[in-house]
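Below is one structure; the comments refer to it alone.
Values below: all heavy atoms of this structure, side chains included; hydrogens, waters and symmetry mates excluded.
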Amino acid sequence: ISPFCEKQGDRLRPLDAVRLQRHFQARDCYDVIGLYSLGTDSMGRWAAVDIDRYDETVTTDQTRAFALEVFQLLRRLGFHPLLTDSDGKGGYHLRVFFREPVEGEKLFRFARWMTKDWRQFGFAKRPESFPKQPAIGPGKFGNWLRLFGRHHKRDHYPSGFDGREWLADMPLIEHILKL
């Protein structure tokens, strides 16, 4: 369950087909599922950038250009990032996955590095990166990022970029599964 819901309940419930279906048909925040950036051992298997239009000073062209620039940089370095639009109004999620767990400190620095050029694209503030901290306290989890799927506040399903074109529906799902 999204940590943004007022009454969170048990956020660590097991994942099953019913919960996945509810997530992909999300109607409110209780349907949304996501992943924590760090486990209780301060290790993680992904880093991400959440590029949003928090105000009207940033255009959809700016967010898209920044997302594509970081995506291409990661590709040139040999990564296979996942770039999806996140909300249908100019937001993007850019994720990098790792085969093995990585120390939180390294993931944190890597995620911050991905956003290093934010000023050059006209952003008033640095886009969010995950994990948001290098380590967490015992028994806690790192920050949470929503999985791709229907947006819980608007009727929007994401598209994703494969390096050549923007994909949607089954082609996007097939691309994600390949990653």
Does [X] share a hydrophobic cluster with [Y], counting links as ILVMFWY side-chain heavy atoms below 4.5 Å and allowing steps through other members?
{"X": "Phe98", "Y": "Leu145", "answer": "no"}
{"X": "Ile33", "Y": "Leu172", "answer": "yes"}
{"X": "Leu74", "Y": "Leu82", "answer": "no"}
{"X": "Leu73", "Y": "Leu107", "answer": "yes"}

Open item on the list: Regarding Asp87 and Lys89, does a basic nitrogen lie under 4.0 Å from an acidic carboxylate oxygen?
Closed with: no

Task: Ion pair Lys178/Glu174, N-O distance below 4.0 Å - done: no

Looking only at heavy atoms, what is the nearest atom pair of [X] and [Y], with distance?
{"X": "Arg75", "Y": "Pro81", "result": "CD-CD, 3.7 Å"}
{"X": "Thr40", "Y": "Gly139", "result": "CG2-C, 3.9 Å"}
{"X": "Leu83", "Y": "Ala67", "result": "CD1-CB, 3.8 Å"}

Point-to-point distance, once rounded to the nearest 0.5 Å, from [atom1] of [X] to [atom2] of [Y]:
{"X": "Ile51", "Y": "Ser129", "atom1": "CD1", "atom2": "OG", "value": "10.5 Å"}
{"X": "Ile176", "Y": "Thr84", "atom1": "CD1", "atom2": "OG1", "value": "7.0 Å"}
{"X": "Leu179", "Y": "Asp162", "atom1": "CG", "atom2": "CG", "value": "9.5 Å"}
{"X": "Leu35", "Y": "Arg45", "atom1": "CG", "atom2": "CZ", "value": "11.0 Å"}
{"X": "Leu68", "Y": "Tyr92", "atom1": "CG", "atom2": "OH", "value": "7.0 Å"}
{"X": "Met43", "Y": "Ile136", "atom1": "CE", "atom2": "CD1", "value": "11.5 Å"}

Is there a donor-acceptor contact under 3.5 Å from the side chain of [X] to the main chain of [Y]?
{"X": "Asn143", "Y": "Pro131", "answer": "no"}
{"X": "Thr63", "Y": "Gly90", "answer": "yes"}
{"X": "Ser86", "Y": "His93", "answer": "no"}
{"X": "Ser159", "Y": "Trp166", "answer": "no"}

Open item on the list: Phe123: which residues meet the ring pair (Phe, Tyr, Trp, His ring centres under 6.0 Å) condition with it, sequence neighbours left out?
Closed with: Phe66

Open item on the list: Restricting to ring pair (Phe, Tyr, Trp, His ring centres under 6.0 Å), what partner residues turn up for Phe97, sequence neighbours left out?
Closed with: none

Open item on the list: Please verify the inter-ring angle class for Phe161 with Phe71; under 30° counts as parallel, over 60° as perpendicular, anything in between as tilted.
Closed with: perpendicular

Task: ILVMFWY cluster membership beyond Phe108 - transitive side-chain contacts under 4.5 angstrom - done: none

Task: Residues clustering with Leu177 (ILVMFWY side chains joined when closer than 4.5 Å, directly or via others) - done: Met170, Ile173

TODO: For residues Phe130 and Leu38, determine if any side-chain heavy atom of one lies less than 4.5 Å from a side-chain heavy atom of the other.
DONE: no

Open item on the list: I'd like to know whether Arg95 forms a side-chain contact (heavy atoms from CB on, under 4.5 Å) with Val49, so could you lay out the CA-CA distance, the side-chain angles of the two residues, the decisive distance to 0.1 Å, and finally the verdict.
Closed with: CA-CA 7 Å; Arg95 297 172 172 93; Val49 178; over 6 Å; no

TODO: List for me each residue that meets salt bridge (Lys or Arg N to Asp or Glu O under 4.0 Å) alongside Arg53, sequence neighbours excluded, and say none if there are none.
DONE: Glu56

- [ ] Assess whether side-chain contact (heavy atoms from CB on, under 4.5 Å) is satisfied between Ser37 and Trp46, documenting all intermediate values.
- [x] CA-CA 7 Å; Ser37 58; Trp46 59 272; 3.8 Å; yes

Contacts under 3.5 angstrom, residues 110-122 side chains, donor-acceptor by atom type, not counting sequence neighbours:
unit_1: Thr115; atom_1: OG1; unit_2: Arg112; atom_2: O; d: 2.9
unit_1: Thr115; atom_1: OG1; unit_2: Arg126; atom_2: NH1; d: 3.2

